[in-house]
Amino acid sequence: MLHSDQYNYLQGLNKQQRIAVETLDGPVLVLSGAGTGKTRVLTTRIAHLLVTGKSKPWNIMAVTFTNKAAREMKERVGRIIGPSSEQVLMGTFHSLGARMLRQHCELIGLKSNFTIIDVEDQVKLLKQIISAKNVDDKRWPAKFFLNIISSWKDKGLTPSKITDKHIFQYSNGLIKDIYIEYQERLLKSNCVDFGDLLVHPLELLRMNSDVLSKWQSKITHILIDEYQDTNTAQYLWIRLLCSKHNNICCVGDDDQSIYGWRGAEVKNILNFSNDFENSKVIRLEQNYRSTNKILDVANCLIKNNTNRLGKDLWTENNSDQDVEIFNSYDSSDEARKIGDIIEDKIRDKVHLTEIAVLVRTFSLLRAIEERFISIGLPYRVIGTKFYDRQEIRDAIAYVRVLCNPLDDLAFERIINTPRRGIGPTTIKKLSEYGRQNDMQLFHSAENIVNSEIFNNRTVEKIAQFINQIKKWKHLKNEKKPMDILDQVLEESTYYEMWENEKSEEAETRINNLKELLEVISEFDTLEGFLQHVSLMTDNDVGNELGEVTLMTLHAAKGSEYQVIFLPGWEDGLFPSFRSLEEGGEDGLEEERRLAYVGITRAKKELFLSYASNRRINGIWMSSLPSRFLKELPKDIANKIEANDYSAYSLYDENVSYDYTQKFKNQGYGPGWKRMSELKINNVKDKNLSQLPKNYENNFQINNFIKGDRVFHVKFGMGNVININDDKLDIKFDNAGHKKIQANFVEKQ
DNA sequence: TTCAGTTTAGTTTTT
DNA sequence: CTAAACTGAA
């Protein structure tokens, strides 16, 4: 038997890390704070599993949340153990789910070439369903239904599992009908959404014991990164998979849980020890990333959260470089100051790749980008939605139709793009025909063309289009994906369409298409390309050129930089008032964790900043400094008072941090107008007559009285203890005390 | 059916 | 302020 000291990859691990790596049997939870070497533990552990012979590569499954993390893990495992790492199942929950689903798709009723649709298509599909049901989509927007359906999927609830309790507040069951039809339509189109990539595999395992036991035998060791971000569906899936061998290692940090809005359940990590019998918990608290000053700020802030396991990061890396805070008059002033500091850093020989600006919302980046462009500072934006651009989506829709002719959403997108004289009226006829004959659009079109019932110019145009598609489909066996797409865009006159538009914008669009051709050139099949684009949202291009990195705080998790800028620390913006409105105290804590994530990205220098005025959707608003600034160590926070442009003092006790007060009185924009009208007319809307009868019950904005027993879909049962216009203070039986919009709860 | 001009709605984070 | 939705004329 080898002594473990002989494994040289274990050298340099600290004691705790080493225990985490060497405890290979049974359930293990590694609570690892920011910068404590979590990825190193995970990758070394995989290596150790293989080297000790505990497991074979194909028996290990390692799950991450982002593609970036998956890529990094693959690379680092490969560096330790070489090419056999290729056989380890590594990927995001969604990509592993898709993989499992493609293997067993027929059990769900899908074909293996199913397409993965994104939010935009989800909304489009729901809009169609809603309008067919004569629901007023002004009052009940598709997005609203989508949110509910998605949250159900996050919990692993298929339509058949939706009980009266779930749908209680939503339109007397209509939401369930919509969910059922939504799933049917997806299935008919041979499509799945993101939620399905988790729910379908879960159902697969639940319903097919042979499939379950096959996978349970195959996977002997499971490793999960960012465990604090798992939702219920993911948890259940993992539980099923690991229940035979029970070798599961979860790595996470409850203080970095920032995806509650997406259904992540912090309780998964908080309950780990109860959940898995004989589990071991290992804490990593020595931080190797940041200076003591930065950690002080982080620890000081996060200790304001009540709902945490609790830990204190420490470091041996002492520094006299203070964390800086500065105030600006407005966003362009702030951008200018950031630019100036970066220019100083350049003089200090800090490499641009070591500098990042992290923001709460993308919109904050505009002013900063503007400034960087004008001073000629190179930068890159992570997470900019390349695949969301119109021309890219169009091109991908063509590919989707070639791969999956049942995909109505894609077909509808391209049937008249570029213009072929096939308008909404014709499409409506086609789908009508399709519904009668149980066909998807493509086949209806094909049939109409052949049936010779219709004989006019429109049919000729359809025929032409259908024949073109058929021709392109034959190319699949002959040409490379890149050449096919190029030919499709050429022959469909899609290029021509943009070329004829002599605007500068059209030129960028054509360049974007060229870029897409570059991407597709790396794939052997159109299907492989599709899978890539639908799951890969971060186009994380390399940074060889030396650029400053700009991204959201969410996107920043898992990364580190020498110098970090955190602009936009204004109340309402950060913490975001929407989070507070929706999530109450929990929402605030999640925002605070987000701040914590931002702070702990910094290795050496950290700059916090807030502006006194900011333009939000075209309207100038003055803002209060973020309440988080108040929570920082006094010696740092005090510095900013001297040159504060803000009308308010940070420590003025009279300043109200109740965001609802502040925003309620603004009363701008159509949304606000509608809301206030609603309140005045007590919801006597002109469109009401078009709604199904029972809808009226849901419009009672507020006839609650103190003491009312209410139900909320997320928080369950509770009692109203106070009323503030349309906001209710509710004490929930199991979810604590929250402020909720009246229309989100149902009187019992 | 198309196109241009007008109105209106939405304003967070991501797989 | 912007992107999407709508309207009306050709």
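Labels below follow one simple rule: chain letters A, B, ... track the order of the sequence lines, proteins then strands, and each chain is numbered from 1. It should be emphasised that the depicted structure is a prediction, and the values quoted were computed from it without experimental measurement.
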S.K.: Enumerate the protein-to-nucleotides 5-10 of chain C contacts in which both atoms are nitrogen or oxygen and the separation is below 3.5 Å.
M.R.:
from: C:dA5; atom 1: OP1; to: A:Lys127; atom 2: NZ; distance (Å): 3.0

S.K.: Using purine N1 to pyrimidine N3 plus N6-O4 or O6-N4 for Watson-Crick, or N1-O2 and O6-N3 for G-U wobble, both under 3.5 Å, which nucleotide pairs with C:dC1?
M.R.: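 Answer to the pairing question: B:dG10, which forms a Watson-Crick or G-U pair with C:dC1.
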S.K.: Measure CD1/A:Ile258 against P/B:dT13 and give the value in whole Å, please.
M.R.: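 Rounded to whole Å, this separation is 13 Å.
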S.K.: Considering only NZ, NE, NH1 and NH2 on the basic side and carboxylate oxygens on the acidic side, decide whether A:Asp118 and A:Arg393 come within less than 4.0 Å.
M.R.: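 Looking at A:Asp118 and A:Arg393, the cut-off is met.
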S.K.: Can you measure A:Lys143 atom NZ to B:dT13 atom P for me and round it to whole angstrom units?
M.R.: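 Between P of B:dT13 and NZ of A:Lys143: 11 Å.
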S.K.: Just how far, in rounded Å, is C1' of B:dT14 from CG of A:Leu146?
M.R.: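 After rounding, the gap between these two atoms is 13 Å.
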S.K.: Is any side-chain N of the basic residue among A:Asp196 and A:Lys153 closer than 4.0 Å to the acidic one's carboxylate O?
M.R.: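 Result for this pair is yes, salt bridge flagged.
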S.K.: Could you please name the option among C:dT2, B:dT14, B:dT12 that lies closest to any side-chain atom of A:Arg366?
M.R.: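 The nucleotide sitting nearest to the side chain is C:dT2.
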S.K.: Answer with base, sugar-phosphate or nothing: what part of the nucleic acid does A:Phe65 contact at a heavy-atom distance below 4.0 Å?
M.R.: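 Since only primed, P, OP1 and OP2 atoms lie under 4.0 Å of A:Phe65, the category is sugar-phosphate.
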S.K.: Quick one: A:Phe144 CZ to B:dA9 P, roughly how many Å, whole number?
M.R.: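 Rounding to the nearest Å, CZ of A:Phe144 and P of B:dA9 are 18 Å apart.
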S.K.: Between A:Arg593 and A:Glu590, does at least one N-O distance fall below 4.0 Å, as a salt bridge requires?
M.R.: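 Looking at A:Arg593 and A:Glu590, the cut-off is met.
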S.K.: Would A:Tyr259 count as stacking on B:dT13 if stacking means ring centres less than 5.5 angstrom apart and planes tilted under 30 degrees?
M.R.: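 Whether judged by distance or by angle, A:Tyr259 falls short somewhere, so it does not stack on the base of B:dT13.
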S.K.: Suppose we call a contact any N or O donor and acceptor under 3.5 Å apart; does that hold for the side chain of A:Arg578 and the base of B:dT13?
M.R.: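 Side chain to base: no pair below 3.5 Å.
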S.K.: Determine the contact category for A:Ser576: base if any of its heavy atoms lies under 4.0 Å from a base atom, sugar-phosphate if only primed atoms, P, OP1 or OP2 are that close, otherwise nothing.
M.R.: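 Touches a base.
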S.K.: Is A:Arg389 salt-bridged to A:Glu391, cutoff N-O under 4.0 Å?
M.R.: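 Answer for the salt bridge query: no.
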S.K.: When you check the side-chain N and O atoms of A:Ser609 and A:Glu334, is any donor under 3.5 Å from an acceptor?
M.R.: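 A:Ser609 vs A:Glu334: donor-acceptor pair found between side chains.
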S.K.: Are A:Trp261 and A:His554 close enough that their ring centers fall under 6.0 Å?
M.R.: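 Centroid distance A:Trp261-A:His554: below 6.0 Å, so yes.
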S.K.: In whole angstrom, what separates A:Tyr387's OH from B:dT15's C1'?
M.R.: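 These atoms are roughly 15 Å apart.
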S.K.: Output one line per pair: protein atom, nucleotide atom from nucleotides 1-6 of chain B, and distance, for all N/O pairs under 3.5 Å.
M.R.:
from: B:dT1; atom 1: OP1; to: A:Gly423; atom 2: N; distance (Å): 3.3
from: B:dT1; atom 1: OP1; to: A:Thr426; atom 2: OG1; distance (Å): 2.7
from: B:dT1; atom 1: OP2; to: A:Thr425; atom 2: OG1; distance (Å): 2.2
from: B:dT2; atom 1: OP1; to: A:Gly421; atom 2: N; distance (Å): 3.1
from: B:dT2; atom 1: OP2; to: A:Asn416; atom 2: ND2; distance (Å): 3.1
from: B:dC3; atom 1: OP2; to: A:Arg419; atom 2: NH1; distance (Å): 2.2

S.K.: Looking at B:dT15, I'd like to know if its phosphate oxygens (OP1 or OP2) sit under 4.0 Å from a side-chain N or O belonging to A:Thr66.
M.R.: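 Answer no for this pair, as no side-chain N or O of A:Thr66 is under 4.0 Å from OP1 or OP2.
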S.K.: Using whole Å, report how far CG of A:Asn231 lies from P of B:dT14.
M.R.: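 After rounding, the reported distance stands at 17 Å.
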S.K.: Expressed in angstrom and rounded to an integer, what is the separation of A:Leu580 atom CG from B:dT13 atom P?
M.R.: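 About 16 Å, once rounded to whole Å.
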S.K.: Determine the interatomic distance between C1' on C:dA4 and the same-named atom on B:dT13; round to the nearest Å.
M.R.: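 Comparing C1' positions in C:dA4 and B:dT13 gives a spacing of 22 Å.
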S.K.: Can you list the steps and then say if A:Asp229 with A:Lys557 is a salt bridge (charged side-chain N to carboxylate O under 4.0 Å, His left out)?
M.R.: CA-CA 12 Å; A:Asp229 288 330; A:Lys557 193 157 71 161; 2.3 Å; yes
S.K.: Check A:Asp121 with A:Arg413, please: is the shortest side-chain N to carboxylate O separation under 4.0 Å?
M.R.: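 No, no charged N to carboxylate O under 4.0 Å.
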S.K.: What is the distance, rounded to the nearest whole Å, between atom CZ of A:Phe362 and atom P of C:dT2?
M.R.: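 Whole-Å distance recorded here is 18 Å.
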S.K.: Using a cut-off of 6.0 Å, state whether more than 12 heavy atoms not belonging to A:Glu120 lie near its atom CD.
M.R.: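 Enclosed: over 12 neighbouring heavy atoms sit under 6.0 Å from CD of A:Glu120.
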S.K.: Check the pair A:Arg308, A:Asp254 against salt bridge (charged side-chain N to carboxylate O under 4.0 Å, His left out), reporting the backbone distance first and the verdict last.
M.R.: CA-CA 6 Å; A:Arg308 56 193 292 252; A:Asp254 54 314; 5.1 Å; no
